[in-house]
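Down below is the structure, laid out as structure tokens.
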Protein chains: 2
Amino acid sequence: MQARSGATVQAIHEAAIQVLLTGGLALFTTTRVAERAGVSVGTLYQYFPNKQALLFAILLRHFEQIAEAIEAIPGDGKPIAAIAEDIADAYISVKLARPDATTALYRVAGAIDQFRMSADVLKRLEAAVVRLLTNAADASFRQAEKTAFTLLSSLAGLSRGSFGKLAVADDALDGLGAEARLLSAAYLRAAADA
Amino acid sequence: MQARSGATVQAIHEAAIQVLLTGGLALFTTTRVAERAGVSVGTLYQYFPNKQALLFAILLRHFEQIAEAIEAIPGDGKPIAAIAEDIADAYISVKLARPDATTALYRVAGAIDQFRMSADVLKRLEAAVVRLLTNAADASFRQAEKTAFTLLSSLAGLSRGSFGKLAVADDALDGLGAEARLLSAAYLRAAADA
DNA sequence: TACCGAACTGAAGGATCCTTCAGGTATATT
DNA sequence: AATATACCTGAAGGATCCTTCAGTTCGGTA
């Protein structure tokens, strides 16, 4: 009995991403999403109180996936260089796993007050990085929170930039992983206490 | 005779930023912008063919300001460390000069197909950075374009993240300049040919 | 089979919004 | 002062869109 509804939510979720991908925010319509999901608008509203909530839900889930990926990194005292690459890999791998979803979500980001609505997930993300920094074998961080924030923000920027460029250059994603590792390692080395 | 219209365009421009700042994209309405600018909707449509064009215009101008700031950096062979800090300073200073405008524009970014609509300015930005990298006294860059892109993207991410955090933390901008310099210098050092 | 609740449908209400255009007002020129 | 030109006004047309809800279908149960 739950099977039906579960599949429906999943379908709506997926349809939302597709609609976002094809038409952007401007054509992101509850009716259109429902249609694409193969259900009626009424059904959509049975699972999401309003349009914003739907938008927020898919954004939230994406952040959670990134958080999970970073939390899954073993925390035993590895050298900072290794940690840096692990974080970069975790971050980028989630983005690359669903390039379409990633692209779609970058279009929503502006419309939603990201920090006010998903401050918890962002904190969780930051905490996951802080934990890794703190456990580094060969370095310590006086301002681990700030360092984690800068690292995550810059990785986000690089990712966003690369996916954005995809619209005009097919090879925009080439070497993204390598650049992310380079950036991550360089910054963490520099941010560590001398 | 041109004075009137010039002031009007300027007023609309400014009003657009304010409206964006108060209500976000959802409440960004041609009528509202016109009202805030102290003119009628008809006047707005005399200078901008449609809503998107207005949005695009303010986004474009912002990018141009950043490009100008980076192009203004002297290109004589300075060490890479100095160049890195110059770039970071130029970038961040534009953002900090009008924090409200910056915040407002980050909300538009998603709605507009950034790369398709302003590819020229972005290329110009990238070229300005490439020029500086090429003229560095103590380093050479095999892939100057890619390095410039990564640098700019990561700076954008850090800036965006910090301004976004402003909604929940008043001191989010503290130390932004220092972090940007640290990030920029660390990455460029690492990206330079060994 | 008859019944019940969960899940789903989709037309319609109510609210904006974008854009146009016929007409008004200010400034400059002759 | 009269005329031409540049600017500006704002009501209204036309198009969506979000959201609701009375009614229908489906899966399981007695």
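Everything quoted here is computed from the prediction, not taken from an experiment. Computed over heavy atoms, backbone and side chain alike; hydrogens, waters and symmetry mates excluded. So that the names make sense, note that chain A is the first sequence line, chain B the second, and so on, each numbered from 1.
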*OP1 or OP2 of C:dT9 less than 4.0 angstrom from a side-chain nitrogen or oxygen of A:Ser40, does that happen here?*
yes
*Is any side-chain nitrogen or oxygen of B:Thr8 closer than 4.0 Å to OP1 or OP2 of D:dC7?*
no
*Nearest-angstrom distance from the residue atom CD of A:Gln46 to C1' of D:dA22*: 14 Å
_Length of the OH-P vector between A:Tyr47 and C:dA6, whole Å_ = 11 Å
Any salt bridge (Lys or Arg N to Asp or Glu O under 4.0 Å) involving [range]? Give me the pairs, sequence neighbours left out, ordered by first then second residue.
range: residues 144-159 of chain A; answer: none
range: residues 129-140 of chain A; answer: none
range: residues 34-54 of chain B; answer: none

*asked:* Test: side chain to side chain donor-acceptor pair (under 3.5 Å). Region: residues 169-178 of chain A. Which pairs qualify, not counting sequence neighbours?
replied: none
*Using a cut-off of 4.0 Å between protein heavy atoms and nucleotide atoms, how would you tag nucleotides 14-21 of chain D 5' to 3' with B, S and -?*
---SSBBB
*At what angle, to 10 degrees, do the two end axes of the helix from C:dT1-D:dA30 to C:dT30-D:dA1 meet, given five pairs define each axis?*
0°
So which protein nitrogen or oxygen atoms get under 3.5 Å of nucleotides 22-24 of chain C's nitrogens or oxygens?
none

*What closest approach, in Å, do A:Val9 and A:Phe48 show between heavy atoms, and which atom pair accounts for it?*
CG1-CZ, 4.4 Å
What donor-acceptor contacts under 3.5 angstrom involve side-chain atoms of residues 78-91 of chain A, with partners at least two apart or in another chain?
unit_1  : atom_1 : unit_2   : atom_2 : d
A:Lys78 : NZ     : A:Asp86  : OD2    : 2.6
A:Asp89 : OD1    : A:Arg181 : NH1    : 2.6

*Check salt bridge (charged side-chain N to carboxylate O under 4.0 Å, His left out) between B:Arg98 and all other residues, then give those that pass, not counting sequence neighbours.*
B:Glu14, B:Asp100
Donor-acceptor pairs under 3.5 Å, side chain of residues 21-32 of chain B to any protein atom, not counting sequence neighbours: which ones?
unit_1  : atom_1 : unit_2  : atom_2 : d
B:Thr22 : OG1    : B:Gln18 : O      : 2.5
B:Thr22 : OG1    : B:Val19 : O      : 3.3
B:Arg32 : NE     : B:Leu27 : O      : 2.8

Below 3.5 Å, can you tabulate the donor-acceptor pairs from side chains in residues 54-71 of chain A to any protein atom, sequence neighbours excluded?
unit_1  : atom_1 : unit_2   : atom_2 : d
A:His62 : NE2    : A:Lys95  : NZ     : 3.1
A:Glu71 : OE1    : A:Arg124 : NH2    : 3.1
A:Glu71 : OE2    : A:Arg124 : NE     : 2.8

*Those residues that, when tested against B:Ser153, pass side-chain hydrogen bond (donor to acceptor under 3.5 Å, both in side chains) (two or more places apart)*: none
